[in-house]
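Take a look at the structure below.
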Amino acid sequence: MCGIVGYVGSKDAYSIVIDGLKKLEYRGYDSAGVAILKDNKIKLFKKEGRVANLEAMVAEEDITGTVGMGHTRWATHGEPCDKNAHPHYSNSKQIALIHNGIIENYAQLKKELVAKGYEFHSDTDSEVLVNFIDDIRINNGCTLEEAVRIALKRVTGAYVILLLDESVPNTIIAARKGSPLVIGIGQNEHFLGSDASPMLAYTKEVVYINDYELAIVKPDELILKNLGNETVTPFVQKLDMNLSQIEKGGFDHFMLKEIFEQPSTIFDSFRGRMDVEKNTITLSGMDAVLDKLDAAQRIIIVGCGTSWHAGLLAEYIIEELCRINVEVEYASEFRYRNPIITDKDFIIAVSQSGETADTLVALENAKEQGATLFGIVNVVGSSIARLTHAGMYTHAGPEIGVASTKAFTAQVVALILFALKLAKHRGTISDERFAELVNELNVVPEKVEWIVQNQVENIKAIATKYQEANDFLYLGRGYNFPIALEGALKLKEISYIHAEGYPAAEMKHGPIALVDETLPVVFVATKDRYHEKIVSNMQEIKARKGMLIAVASEGDTHTPEIADDVMFVPDADEIVGPILSTVALQLLSYYIGVEKDLDVDKPRNLAKSVTVE
Ligand code: F6R
C-alpha cells in the first residue's frame, strides 16, 4: 500500500527514485511524486495517475540533485488527484514528507493545527502529519529528528515516513511503525524503499527497519535510534534476490510470467525439504515448534484474500491427514472479534507479502495471549516473518503482478509439506500414503508445465467466448471448494466481472436462482472422491440452461459430454490436484482480462501489499 523510495549519495537522485517508483508501482498507482533536495532547496513535483505521468510532467524540469525521495500512492484519505499526491510540504515549506500508512488520530491533530492557523491543501492524513512534526520543530526550536521523535509518540496508526528538511543537507529522516522500510547500504550512499527492489541494482546489503525505529540517513552514515533516542545497531542482511526476478523476461505481463514460472516456483518450495528417494520431509522451522504442536488442541490459520484461500484448503488437508482440529479465520475478523486464544493454540499465518496489516495485528494480539505463531510467508525478512516464533518461507520469488498466482501455489505446497510432516509425527498417516503423496507432489511441477504448454490456446478461446458475461459462478466441492473461491476472486480482480465462488452442493440452497442461459458456471470437476456428485451438480445447471465451463482431468471423457467448454489438467491425487486446477483458472482470468484490454498487472483500486486495516 503506497510505495516509497529514497536516495542519499552522489548519483542522480531523480533517476534512482523514478526507477524505484516504477518497481514499486504494484503497491499503489493512484498518483506519484518526487522531492529532490539541492542547495538547501526542496524541488517537489507530483501528479495524479501512474509514474509515467509524473515522468512526463518532470521531463523538461531541472531536477538534478543527489538527495531525493518519491512516492506512489494507493489512496486512503482523499481521492486520487494531484493535490492528494505525495510528497507534502509543511506550511513553512521547509519540510517535505512522504508517507505510507494511515494516521488514525489525524482528525484530532488537524483540529489542533487549524486552531493554530495552519492551512491544508490536501485531504490527506499525511499533510496533517508533516505539519504536526513541523509545528513541534518550530515551537520547541529543536531539530527535525527530535521533532519526529516527539510527534510520533502522539501519533496512532501505521506509517513509514521519509522527510527532507531544507536546513539539513544530504539527509533523509525516516521512521516506521507497521509499514515496511528497507535501507540498502552502498559505497557512500544509501537507498530507502518499501521493499528491496529499488536498490537491487546497486547493493545486496540491506537493513530491515523495525517498528518504532527512526533512521537518520546520510551518504556515509546510517544512524538508527528508537523513539527513546537510544542508538540501535543496524542488523545488516544479504539479499538473496536478483534483478531478472523482478523483470518481465519477454512476457506481456508479470501475471503471465508468474503463472508460467510455477513449475519452477513450486519446485523451489519443496526443494531441499522433500527427499523422494529417502521418503522424508525436513522442515527445520517446524522442528523448533513440534512440542507446541504436540500440546496444541487446535490449529488456527489466519490470512486474507488469496492467502486465506490457501489456508482454507489447508484446513481440509490438515484435518484429513493429521486428525487435528483446524479453524481458518479472516485475519481482519479474527483480530476484532475478541477470540478466545490460549497458550495451547498454534497459529499459522499465511501471507505472501508478510506485511498485511490485518494479519500482522491479528498475530500480535494472539502472541500477547501466549499462542505459538508459525509463518508461511514469501517475502524474506518481512514483518510477519520476524514476528512469528517459527515458520517456513514459500520461496516463490518476488511476485509483482498485483493478483497473487505463484505465491498461492507455493503457499499450498508449503502447507501440504507442513501437513505431511505433522501427520507423520502424529502417526496419523500410513507409510504408503505418505510415500504416495510425496511422489505426487514431486511431479506437480511437470504437470503444471503440461498445462501451460498445452492448454493456453484452449483457455484463450474460452476467455474470448465468455468475456462479455456480466457474472460468473464458480463451484467446487471438498478440496476444490477453496479453488472455486480463488478462481472467482482472480476473475473479479483481473476482469472486473462479478464472480462468486460457492460449495457446489450449496448452489441448490440459493444461488441456483441466478442460473439462466446468460450465466457461465465454472465447475472444478477434476477426478476426486466427489466427482460423481459434482457431475450431478453440473447436470442441475445444464437443466436450467446455464453455460457450463469445467476444469476436468485429462482423459475424462464424460465431463466434456456435459460441459460446453473444458479446461484440462493432468490427473493427480486429490490433495495436490487443486494446485493444477488453480493454474487453469489463473489462465482463464488472465486471458479474460487481456481480452477486455485491462491492466492485468495493476487492476484498479488494488495494491499488492495491504498495509492498512
Ligand atoms: C489476491 C491477492 C490478495 C492477497 C491479500 C493478502 O490476488 O493478492 O487477496 O492475497 O491481500 O496478502 P498477503 O498474502 O500479502 O498477506
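These values consider heavy atoms only, across backbone and side chains, with no hydrogens, waters or symmetry-generated copies. Keep in mind the model is a prediction, meaning the values are calculated, not measured. Read the numbers this way: they start at 1 and go in the same order the structure lists the ligands and their atoms.
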Which atoms of ligand 1 sit under 4.0 Å from any heavy atom of [X]?
X      : result
Ser353 : 13 (P), 15 (O), 16 (O)
Gln352 : 13 (P), 14 (O), 15 (O), 16 (O)
Ser307 : 10 (O), 13 (P), 14 (O)
Ala403 : 7 (O)
Glu493 : 1 (C), 2 (C), 7 (O)

Compare all side-chain heavy atoms of Ile259 with those of Tyr590 and state whether any distance is below 4.5 angstrom.
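Of all side-chain heavy-atom pairs linking Tyr590 with Ile259, at least one is under 4.5 Å.
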So, regarding Ser351 and ligand 1 (criterion: nitrogen or oxygen to nitrogen or oxygen, under 3.5 Å), is there a contact or not?
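Right, the criterion is met.
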Close aromatic pair by centroid cut-off 6.0 Å: Phe251 and Phe254:
no
Ser581 and Thr526: which non-hydrogen atoms are nearest, and at how many Å?
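Smallest heavy-atom distance, with atoms named: OG-CG2, 3.6 Å.
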Of the non-hydrogen atoms in Asp125 and His99, which two are nearest, and what is the gap between them?
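Closest pair (atom of Asp125, atom of His99, distance): OD2-CE1, 3.8 Å.
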Would Lys367 and Glu364 count as a salt bridge (charged side-chain N to carboxylate O under 4.0 Å, His left out) if you check the C-alpha gap in whole Å, the side-chain angles of each, and the deciding distance to 0.1 Å?
CA-CA 5 Å; Lys367 199 172 193 180; Glu364 280 164 359; over 6 Å; no
Which pairs count as ring pair (Phe, Tyr, Trp, His ring centres under 6.0 Å) when at least one residue sits in residues 456-488, sequence neighbours excluded?
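Of all non-adjacent pairs touching residues 456-488, none passes ring pair (Phe, Tyr, Trp, His ring centres under 6.0 Å).
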Closest heavy-atom approach to atom 10 (O) of ligand 1 among Thr306, Val350, Thr405 is made by Thr306
Cut-off 3.5 Å, side chains only: do Thr72 and Lys22 have a donor facing an acceptor?
no
Which residue owns the protein heavy atom closest to [atom], what's the atom, and how far is it?
atom                    : answer
atom 5 (C) of ligand 1  : Cys304 O, 3.5 Å
atom 16 (O) of ligand 1 : Thr356 OG1, 2.4 Å
atom 11 (O) of ligand 1 : Val610 CG2, 3.9 Å

Mind checking whether Lys490 contacts ligand 1 via backbone (N, CA, C, O), side chain (CB onward), both or neither, at a 4.0 Å heavy-atom cut-off?
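Lys490 to ligand 1: side-chain contact only, backbone stays beyond 4.0 Å.
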Structural part of Val402 in contact with ligand 1, heavy atom criterion under 4.0 angstrom:
backbone
Sequence neighbours excluded, which residues qualify as side-chain hydrogen bond (donor to acceptor under 3.5 Å, both in side chains) partners of Ser495?
none
